[in-house]
Amino acid sequence: MIHPDTEIRYVSKKIGVGVFATKMIPKGTIIWALDNLDMILEEDEIEALDSVRREIVYKYAYLNDDDRYVLCWDHGRYINHSFNPNVVSTVYEIELASRDILPGEEITCDYATLGLDEPFECEPEEGTFSTVVMPDDYLHRYKEWDQLAREAFKRLNYVDQPLRHLIRPEFIDKVNAIAEGRADIDSFLTLYEEN
């Protein structure tokens with residue numbers, strides 16, 4: 001589920017729509033959490049769909065660490081890529097604001113965290129020359145993501161958390177321990193080492 005202080009807006013003809021903050025969302029806020037309304041699909045289920053639905057699922061779903069496709073039920077599926085995102089993924093099936101997100105600002109994540117199985121071409125961005133997200137980018141970027149998550153977790157208990165109740169039961173104790181400074185995060189790299 002995506003944070004309630006967001007909405008879909010048109011970005012451009014080439015990109016389509018994106019998700020934008022309607023209010024200030026502070027660093028450390030849970031922006032997205034996997035919930036029981038999200039669809040988790042096996043590849044053979046997707047392949048059995050008609051071509052129209054299959055194309056939509058492949059376009060908007062991401063590959064989780066169990067090699068299953070997750071299709072967000074709400075507008076979380078419209079979060080666009082950025083090489084300088086304001087959201088950081090974690091291994092706890094939540095994403096956090098990695099910095100304060102201002103009203104009207106587009107919410108973005110790094111698609112390299114989504115388990116890509118092929119390169120993803122993206123629009124050029126100010127401040128970077130990269131225009132392709134590669135499936136193995138996690139090998140080069142996981143330390144950066146871990147540090148962003150570590151810093152965001154420091155704010156978790158100090159900001160309003162309308163999605164906190166969606167933290168999955170198997171992660172609650174660990175997330176609380178990290179937020180309270182009693183434990184360090186599990187590296188994003190562990191998602192790939194276990195497969």
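Along the sequence shown, residues are numbered consecutively beginning with 1. Just so you know, these numbers use all the heavy atoms, side chains as well, and skip hydrogens, waters and symmetry mates.
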Check this for me, if you would: do [X] and [Y] make a salt bridge, where the nitrogen-to-carboxylate-oxygen distance has to be below 4.0 angstrom?
{"X": "R53", "Y": "E55", "value": "no"}
{"X": "D35", "Y": "R168", "value": "no"}
{"X": "E105", "Y": "R99", "value": "yes"}

F83 and H81: CA distance, side-chain angles, deciding distance, ring-ring contact (aromatic ring centres under 6.0 Å, His included) verdict: CA-CA 7 Å; F83 287 108; H81 165 78; 4.4 Å; yes
Would a single hydrophobic cluster contain both [Y] and [X], if residues Ile, Leu, Val, Met, Phe, Trp and Tyr are joined by side-chain heavy-atom contacts under 4.5 Å?
{"X": "I101", "Y": "V159", "answer": "no"}
{"X": "M39", "Y": "W32", "answer": "yes"}
{"X": "I56", "Y": "Y62", "answer": "yes"}

Using the test ring pair (Phe, Tyr, Trp, His ring centres under 6.0 Å), find all partners of F120 that sit at least two apart in sequence or belong to another chain. Y111
Please report the C-alpha distance between I107 and T6 in whole Å, then the side-chain angles of each, then the deciding distance to 0.1 Å, and finally whether the side-chain contact (heavy atoms from CB on, under 4.5 Å) criterion is met. CA-CA 9 Å; I107 294 171; T6 61; 3.4 Å; yes
side-chain contact (heavy atoms from CB on, under 4.5 Å) assessment of E45 paired with V57: CA-CA 11 Å; E45 292 176 279; V57 171; over 6 Å; no
Rounded to the nearest 0.5 Å, how far does [atom2] of [Y] lie from [atom1] of [X]?
{"X": "I172", "Y": "L166", "atom1": "CD1", "atom2": "CG", "answer": "10.0 Å"}
{"X": "I8", "Y": "I79", "atom1": "CD1", "atom2": "CD1", "answer": "10.5 Å"}
{"X": "N84", "Y": "S130", "atom1": "CG", "atom2": "OG", "answer": "11.5 Å"}
{"X": "N157", "Y": "E180", "atom1": "CG", "atom2": "CD", "answer": "6.0 Å"}
{"X": "L148", "Y": "F188", "atom1": "CG", "atom2": "CZ", "answer": "12.0 Å"}
{"X": "E7", "Y": "I2", "atom1": "CD", "atom2": "CD1", "answer": "12.0 Å"}

Kindly determine whether W145 and R150 satisfy side-chain contact (heavy atoms from CB on, under 4.5 Å), including the steps that lead there. CA-CA 8 Å; W145 300 331; R150 199 173 280 115; over 6 Å; no
Verdict with supporting geometry, T90 and F153, side-chain contact (heavy atoms from CB on, under 4.5 Å): CA-CA 10 Å; T90 74; F153 267 111; 3.9 Å; yes
Using a distance-only test with no angle check, is there a side-chain donor-acceptor pair under 3.5 angstrom linking [X] and [Y]?
{"X": "Y58", "Y": "E47", "result": "yes"}
{"X": "S89", "Y": "E95", "result": "yes"}
{"X": "N64", "Y": "Y69", "result": "no"}
{"X": "D146", "Y": "S187", "result": "yes"}

ILVMFWY cluster membership beyond I15 - transitive side-chain contacts under 4.5 angstrom: V11, F20
Check whether any side-chain N or O of [X] sits under 3.5 Å from a backbone N or O of [Y] as a donor-acceptor pair, and report yes or no.
{"X": "T108", "Y": "S82", "result": "no"}
{"X": "R68", "Y": "L41", "result": "no"}
{"X": "D38", "Y": "W73", "result": "yes"}
{"X": "D67", "Y": "E43", "result": "no"}
{"X": "T29", "Y": "I31", "result": "no"}
{"X": "D100", "Y": "I25", "result": "no"}
{"X": "Y60", "Y": "G76", "result": "no"}
{"X": "Q161", "Y": "I30", "result": "yes"}
{"X": "E144", "Y": "R141", "result": "no"}
{"X": "N176", "Y": "F171", "result": "no"}

Side-chain heavy-atom pair [X], [Y] within 4.5 angstrom cut-off:
{"X": "L189", "Y": "L139", "result": "yes"}
{"X": "R155", "Y": "P26", "result": "no"}
{"X": "V19", "Y": "E106", "result": "no"}
{"X": "L37", "Y": "M1", "result": "no"}
{"X": "D186", "Y": "K174", "result": "yes"}

Minimum heavy-atom distance [X]-[Y], with the two atoms named:
{"X": "A33", "Y": "I94", "value": "CB-CG2, 3.9 Å"}
{"X": "P103", "Y": "M24", "value": "CG-N, 3.6 Å"}
{"X": "P119", "Y": "V132", "value": "CB-CG1, 3.8 Å"}
{"X": "R9", "Y": "A21", "value": "NH2-O, 4.1 Å"}
{"X": "G28", "Y": "L156", "value": "O-CD1, 3.4 Å"}
{"X": "D137", "Y": "A112", "value": "CB-CB, 3.6 Å"}

Mark yes when over 12 heavy atoms from residues, nucleotides or ligands other than E170 sit less than 6.0 Å from its CD; otherwise mark no.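 Above 12, so yes.
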